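A quick write-up on the structure given underneath.
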Amino acid sequence: MAAEKDQQKDGEAEGLSATTLLPKLIPSGVGREWLERHRAAIRPWGAFVDQRCFSRPRNLGELCQRLVRNVEYYQSNYVFVFLGLIVYCVVTSPMLLVALAVFFGACYILYLRTLQSKLVLFGREVSPAHQYAMAGAVSFPFFWLAGAGSAVFWVLGATLVVIGSHAAFHQIEAVDGEELQMEPV
């Protein structure tokens with residue numbers, strides 16, 4: 001524990017540490033640890049978008065090899081590209097913003113209500129999972145009107161195109177200790 005604080009102080013002395021860059025809204029737990037792990041594993045963005053490293057693969061074998069190796073190597077970068085596309089989609093769709101506000105507003109109201117007392121409907125106590133399901137049911141018409149289904153498929157399609165084209169056309173970086181590969185004759 002003391003070693004972690006020393007490392008954090010050293011990082012703060014050098015500039016911004018990874019923990020200060022994370023939003024304060026994300027509570028500590030599994031989600032925050034996952035985000036910290038992926039943020040720490042990000043490859044340099046300069047190398048990620050360097051135009052000199054893009055070329056057409058010579059054959060199908062090289063294409064498949066590039067896809068596999070680049071997805072492994074740039075996995076964390078691809079996660080943040082995906083998250084960026086989600087943010088872009090939400091910000092550029094005002095109705096989707098309204099639908100998300102309704103959903104998170106309903107969840108917040110339920111959260112405040114459970115702090116005061118248990119929610120009882122028809123003489124039975126309603127569990128938190130059922131309460132959040134009700135919040136989803138209430139906000140479902142807003143998501144439907146906002147076209148959330150098409151937004152989800154747009155994000156998935158755009159992610160596949162962006163990540164797939166980057167992984168296919170970005171040259172594989174040579175790694176020391178890599179086994180020799182034979183070229184087809």
Side-chain angles (χ1 to χ4, degrees), residues 1 4-5 7-8 11-12 15-43 45 48-49 67-68 70-168:
M1 189 72 170
E4 289 178 13
K5 289 184 180 181
Q7 288 175 346
Q8 191 174 15
E12 289 172 358
L16 292 175
S17 67
T19 55
T20 59
L21 292 174
L22 289 175
K24 300 296 181 196
L25 295 174
I26 299 174
S28 57
V30 176
R32 188 176 190 94
E33 290 171 8
W34 180 85
L35 189 61
E36 286 176 357
R37 190 173 58 249
H38 278 280
R39 182 173 265 177
I42 289 180
R43 305 293 181 183
W45 288 101
F48 182 75
V49 295
L67 284 171
V68 171
N70 282 332
V71 167
E72 285 177 9
Y73 188 76
Y74 289 113
Q75 181 181 11
S76 293
N77 295 65
Y78 293 149
V79 167
F80 284 99
V81 167
F82 174 68
L83 293 175
L85 286 170
I86 289 174
V87 168
Y88 172 78
C89 184
V90 168
V91 168
T92 58
S93 175
M95 276 301 290
L96 197 53
L97 283 171
V98 169
L100 286 170
V102 167
F103 175 70
F104 287 118
C107 288
Y108 184 68
I109 289 170
L110 288 173
Y111 172 74
L112 292 178
R113 171 98 180 174
T114 56
L115 289 179
Q116 295 173 354
S117 64
K118 301 285 185 189
L119 181 63
V120 178
L121 280 178
F122 304 115
R124 300 190 75 176
E125 185 177 312
V126 182
S127 70
H130 287 108
Q131 292 176 24
Y132 291 122
M134 284 191 309
V138 166
S139 59
F140 178 77
F142 293 99
F143 282 116
W144 184 71
L145 289 173
S150 62
V152 166
F153 285 110
W154 181 88
V155 168
L156 291 175
T159 300
L160 285 174
V161 168
V162 170
I163 291 174
S165 60
H166 181 274

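Bear in mind the structure is a predicted one, so any value in this text is a computation, not a measurement.
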Task: Main-chain N/O of Tyr111 paired to Thr114 side chain as donor or acceptor, under 3.5 Å - done: yes
- [ ] Measure from the side-chain N and O atoms of Arg43 to the backbone N and O of Tyr73, and report whether any donor-acceptor pair falls under 3.5 Å.
- [x] yes
Open item on the list: Assess the residue pair Phe82 and Val155 against the criterion (side chain to side chain contact (heavy atoms under 4.5 Å, CB included)); give the C-alpha distance rounded to whole Å, side-chain angles, the decisive distance to 0.1 Å, and a yes or no.
Closed with: CA-CA 8 Å; Phe82 174 68; Val155 168; 3.7 Å; yes
TODO: Measure across Leu67 and Gly164 and return the closest heavy-atom pair with its distance rounded to 0.1 Å.
DONE: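 In this case the closest contact between Leu67 and Gly164 is CD2-O, 3.8 Å.
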TODO: Compare every heavy atom of Ala167 with every heavy atom of Asn70, then report the nearest pair and how far apart it is.
DONE: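 That would be ND2-O, 2.9 Å.
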- [ ] Quick one: list whatever passes ring-ring contact (aromatic ring centres under 6.0 Å, His included) with Phe48, sequence neighbours left out.
- [x] Trp45, Tyr74, Tyr78, His166
Counting only pairs under 3.5 Å, give me each side-chain donor-acceptor contact of residues 130-148, with atom names and distances, residues two or more places apart or in other chains.
| residue | atom | partner | partner atom | Å |
| --- | --- | --- | --- | --- |
| His130 | ND1 | Ser127 | OG | 2.6 |
| Gln131 | NE2 | Val126 | O | 2.9 |
| Ser139 | OG | Ala135 | O | 3.0 |
| Ser139 | OG | Gly136 | O | 3.3 |

- [ ] Can you measure from CD1 (Ile86) to OG1 (Thr159) and round to the nearest 0.5 angstrom?
- [x]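 The CD1 atom of Ile86 sits 7.0 Å away from the OG1 atom of Thr159.
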Task: Atom pair CG (Leu97) and OG1 (Thr92), whose distance is rounded to the nearest 0.5 Å - done: 8.5 Å
